[in-house]
Amino acid sequence: MQFRTKKKFLAIALIMLMTVTAACGGNGNSASGNSTGGGATASQPDAGGESGSGKVTLSIAWWGSQARHDATLKAMEQYKELNPNVTFQTQFSGWDGYFDKLAVQFSAKNAPDIIQMDAAYLNDYAGRGLLADLKDVNVESIEATTVDSGKVGGIQYAIPLGVAALGMVYDKTVVDKLELEAPKFGWTWDDYAAFGEAAKAKLGEDKYVYVDQSGDLVDYTAYQYSMGKGYIFNNDGNLSIDKDTWIGFMTMMGELREKGILTPPDMTTTDKELDPQLDNVINGNAVARHLFSNQVGSIDALKPDTYAYASMPYSTEAGGWLKPGMFWSVNAQSAQQAEAVKFVDWFVNNEEAGKTLGLTRGTPVNSKVVEALTPTFSEADKTSLDFLNQVTKDAQQFINDPQGWGNFKSDYKSVVEKLQFGQATPEEGYEELMKIAEKYAAEAK
């Protein structure tokens with residue numbers, strides 16, 4: 001039922017847009033949210049040339065932590081000083097519900113001019129003609145494969161803002177206190193299980209070793225990669241989850257759950273990453289969880305000098321990858337496309353903006369910005385960069401999710417939750433997953 005309801009809702013919202021030409025609809029002043037008034041005169045050369053004299057309101061939406069929100073707002077103030085004719089209307093939130101809201105906004109033709117986009121949804125929105133071509137953004141200081149991660153069908157529909165590495169975070173104060181051998185870069189799934197056993201023996205009944213993130217498709221993707229079975233989608237855009245590998249992973253997770261090494265289901269369902277009260281590593285209920293390198297600063301700010309980092313576990317191969325992300329896209333319906341593109345160009349390429357933003361969206365993609373930023377790095381920034389470099393050595397390939405599969409992660413989580421609560425076996429979960437995948441494949445075609 002959840003699959004049908006959510007897919008039907010988003011399908012209706014997005015199909016309605018297909019009746020609207022990409023160029024129509026002005027929404028310069030339509031976005032709601034926290035408004036920032038503004039203005040500036042001429043922009044710097046790398047901001048896209050001189051501003052016009054007319055007043056412009058740009059609506060802009062993104063998700064993220066409070067640190068990211070604060071840095072983004074400060075960067076926009078810098079832009080307004082350079083462009084006094086520009087006013088921003090901002091919409092920022094957490095990840096949950098972000099793309100549901102965006103689908104509704106597009107259907108009503110009042111989506112933001114500038115949109116923080118995710119790889120899971122890029123093909124969907126670009127494929128429906130909802131995003132503008134960003135060919136005018138200067139990408140000469142960005143590595144070519146990183147630039148290409150924002151292309152669909154050869155057209156630049158998104159510009160990545162940063163690169164982040166997938167790995168794990170653990171509470172080093174707990175590990176040191178319990179005199180455990182710490183997780184590290186290059187550890188294996190056998191090490192993962194052994195650390196879980198050793199830590200649980202010392203933690204006692206009411207504390208856990210790992211946050212149960214088996215319902216997050218990221219975890220299984222890392223496991224399948226590490227087992228040498230490749231990515232979870234094939235070259236034709238169809239789901240390619242290996243049956244034996246998936247059942248083996250879920251069986252292992254079930255055994256760890258029964259031993260109290262993973263958080264119990266009721267605690268797992270309320271877990272919220274980087275929330276001071278609900279993140280089970282931060283609140284002390286668990287010792288470790290997966291994390292991206294761009295989140296080092298955020299978690300360190302909550303409890304300074306508490307955490308250390310490791311890779312996702314290895315088997316025959318590495319499990320982690322580098323994710324170009326936090327893309328900026330421009331609404332193809334926007335009446336302010338040129339001004340929106342100019343802002344994206346400035347945001348990605350301006351060195352002063354880069355200093356303000358720091359690593360809140362990962363390591364910046366512009367090499368000149370990284371060079372300018374390095375002398376200002378905090379200890380947390382240095383740790384984040386080391387994290388990135390450690391994973392880079394043998395990182396797996398990053399691949400954008402195929403068109404039509406943007407919501408699959410939510411349905412995947414619902415299937416795995418049944419396993420977590422003991423309502424289904426791994427074999428039954430796999431069969432249900434394949435039935436859901438058939439529906440996605442049919443709709444994608």
Side-chain angles (χ1 to χ4, degrees), residues 40 42-48 62 64-83 116 137-147 149-150 159-167 169 172 184-185 274 291-311 320-328 342-393 395:
S43 55
Q44 294 178 341
D46 63 355
W62 70 91
S65 65
Q66 189 62 47
R68 185 182 301 161
H69 301 333
D70 294 343
T72 305
L73 292 171
K74 187 175 179 181
M76 286 191 291
E77 290 298 326
Q78 290 175 285
Y79 188 79
K80 290 189 300 182
E81 290 176 4
L82 299 168
N83 300 271
Q116 187 170 294
V137 174
N138 181 0
V139 296
E140 65 180 21
S141 296
I142 305 174
E143 201 270 332
T145 57
T146 302
V147 173
S149 69
I159 298 291
L161 304 177
V163 178
L166 175 65
V169 59
K172 66 181 180 182
K184 58 187 178 183
F185 289 92
L274 296 179
L291 195 84
F292 280 91
S293 61
N294 63 309
Q295 297 170 309
V296 168
S298 296
I299 196 169
D300 181 75
L302 294 171
K303 284 188 175 181
D305 302 318
T306 300
Y307 303 107
Y309 306 89
S311 62
W321 59 85
L322 304 184
K323 180 183 179 183
M326 308 300 162
F327 298 92
W328 274 148
K342 185 168 72 174
F343 172 78
V344 171
D345 187 284
W346 177 86
F347 199 95
V348 174
N349 292 312
N350 184 273
E351 293 178 12
E352 293 306 312
K355 291 177 183 178
T356 297
L357 296 164
L359 305 185
T360 58
R361 286 181 170 85
T363 302
V365 294
N366 185 306
S367 60
K368 292 182 179 178
V369 171
V370 174
E371 188 176 331
L373 200 58
T374 301
T376 71
F377 276 172
S378 66
E379 287 304 311
D381 291 338
K382 293 175 183 176
T383 299
S384 178
L385 187 59
D386 179 66
F387 183 159
L388 179 77
N389 290 336
Q390 292 275 12
V391 175
T392 299
K393 296 174 184 177

Might you work through the side-chain hydrogen bond (donor to acceptor under 3.5 Å, both in side chains) test for Asp381 and Ser378, ending with a clear yes or no? CA-CA 5 Å; Asp381 291 338; Ser378 66; 3.2 Å; yes
Give the C-alpha distance, both sets of side-chain angles, the deciding distance and a yes or no for side-chain contact (heavy atoms from CB on, under 4.5 Å) between Val137 and Asp345. CA-CA 5 Å; Val137 174; Asp345 187 284; 3.8 Å; yes
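The shortest heavy-atom contact between Ala353 and Phe347 is CB-O, 4.4 Å. The nearest pair of heavy atoms linking Val296 to Ala380 is CG1-O, 3.5 Å. For the pair Val370 and Pro364, the tightest heavy-atom approach, listed with the atom from each and the gap, is CG2-O, 3.2 Å.
Taking a 6.0 Å sphere around NZ of Lys74, one finds it holds 12 or fewer heavy atoms contributed by other residues, nucleotides or ligands. Taking a 6.0 Å sphere around NZ of Lys172, one finds it holds more than 12 heavy atoms contributed by other residues, nucleotides or ligands.
Shown here are the ring-ring contact (aromatic ring centres under 6.0 Å, His included) partners of Tyr309, two or more places apart in sequence or in another chain: Phe387. Listed by chain and number, the residues in a salt bridge (Lys or Arg N to Asp or Glu O under 4.0 Å) with Glu371 amount to none (sequence neighbours excluded).
By the 4.5 Å heavy-atom criterion applied to side chains, Val348 and Ile142 are counted as neighbours. A heavy-atom distance below 4.5 Å is found between the side chains of Asn294 and Met326. By the 4.5 Å heavy-atom criterion applied to side chains, Asp305 and Glu379 are not counted as neighbours.
The ring-ring contact (aromatic ring centres under 6.0 Å, His included) contacts involving residues 363-384 comprise nothing, where partners must be two or more places apart or lie in separate chains.
In this structure, a donor-acceptor pair under 3.5 Å is absent between the side chains of Arg68 and Ser298.
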